[in-house]
Every structure is written in C-alpha cells, then in structure tokens.
Amino acid sequence: MAVIVQIAGIKRWQLWRPMSPSPKRECQESFRVWDPGFIPRWEAMGPDLEIALRPGQSLLLPRGWVHNPHALDSEVRSIHLTFAIRERTPVWVAEKLVGRVIEKDSFRRVILPGDIGGHRLSQQVRDVGQALVEHVAGLDVDDFAQSLYRAALSEKEHTT
C-alpha cells in the first residue's frame, strides 16, 4: 500500500485491480511473478481506473494494484512522492508467534536425517504441532501484543 502525493505538474495514473485477492508478499514484487504476457493483457483490457493527479492531490494505492503513471505534458516537469505503508496481516502475527519458539530448547533440537521421511516425518509434524499449540496456549497475550507493536514500529523489510 502506498500514498502518492503529486508535487508538480499533472500525472495520469492508470490502475488495474490485483490479479489475486489480498495479494501476498510475492505478488508485490513484480520480478518474482513477472510474465511477459501481462502488459499485452492489461493493454487489451484497459485500466480499471484512470486518475489525473494535480499538485496537492493524493492517491491511496492499495496493495497489489498494478499502476502505470505518466506525465500528461512532456513539456512540464511532473514530480510525485510515494510513501509506502507497511501493512500487517494475520500471517505476520503467525510468523511472530512461531518465531518466538526459538527461545525454547525443544524447538532447536536437530531432526535426524533418518526422521525426514515417511511415518517418522508425520510424527515429527504431529509433535511439533502439539508443542506449538502448547506454546501459544501458554503465551502472555498482552506481553506478546506489546512486542508485536514494537516490531510493527521498527521493522523496515516487506511483510506478508
């Protein structure tokens, strides 16, 4: 998600709806999901929305919307600022919940190569799943929420 603020000139923004609902991290990074057929498809469909931003106007660009900004007048300088907004999703909370288990010895023990396969791996999944349920059940939710809040303020990388 981003907020676009037009500073000078006029810029037309062509916008296309996301290709998937609630796009995830990989959908935000076009180099990961790029398909050469995207552009001809978008051109054939035309944009879902077109907006001309003038100085002082802003645009909220939701996560996953494909956008094609371009200046309307090539003789006039067009400047805009983009402010990226770090979004948080339930997957982010789940990643943080699971990340906390590294503090427990039982989650750091090595799974032997012979236990990666067949019924032994299935048992590993059951055991770890049960240990994870017990970990979450014993969590001080208010303390964990405070650590999430601090992480939300300080993390700089892309989130899910």
Quiz item: Are any non-hydrogen side-chain atoms of F144 and D140 less than 4.5 angstrom apart?
Solution: no
Quiz item: Are side-chain heavy atoms of L60 and M1 found at a separation under 4.5 Å?
Solution: yes
Quiz prompt | Test item: R108 side-chain N/O and I102 main-chain N/O as donor-acceptor pair under 3.5 Å | solution = yes
Do [X] and [Y] sit in one hydrophobic cluster, given that two such residues count as connected whenever their side-chain heavy atoms are within less than 4.5 Å of each other, even indirectly?
X: I79; Y: F83; value: yes
X: V133; Y: V128; value: no
X: L49; Y: L53; value: yes

Self-check item: Trace of the side-chain contact (heavy atoms from CB on, under 4.5 Å) decision for E50 with W13
Solution: CA-CA 6 Å; E50 277 192 73; W13 288 76; over 6 Å; no
Exercise. Drop me the distance from H70's NE2 to K11's NZ, to the nearest 0.5 angstrom.
Key: 10.5 Å
Quiz prompt | K104 bridged to E134 by N-O distance under 4.0 Å | solution = no
Quiz item: Parallel under 30°, tilted from 30 to 60°, perpendicular over 60°: which one fits the rings of F107 and H135?
Solution: perpendicular
Quiz item: Stepwise, does the side-chain contact (heavy atoms from CB on, under 4.5 Å) test hold for L61 with L15?
Solution: CA-CA 9 Å; L61 187 61; L15 304 167; 3.5 Å; yes
Quiz item: Where do G9 and P55 come nearest, in terms of heavy atoms and distance?
Solution: O-CD, 3.1 Å
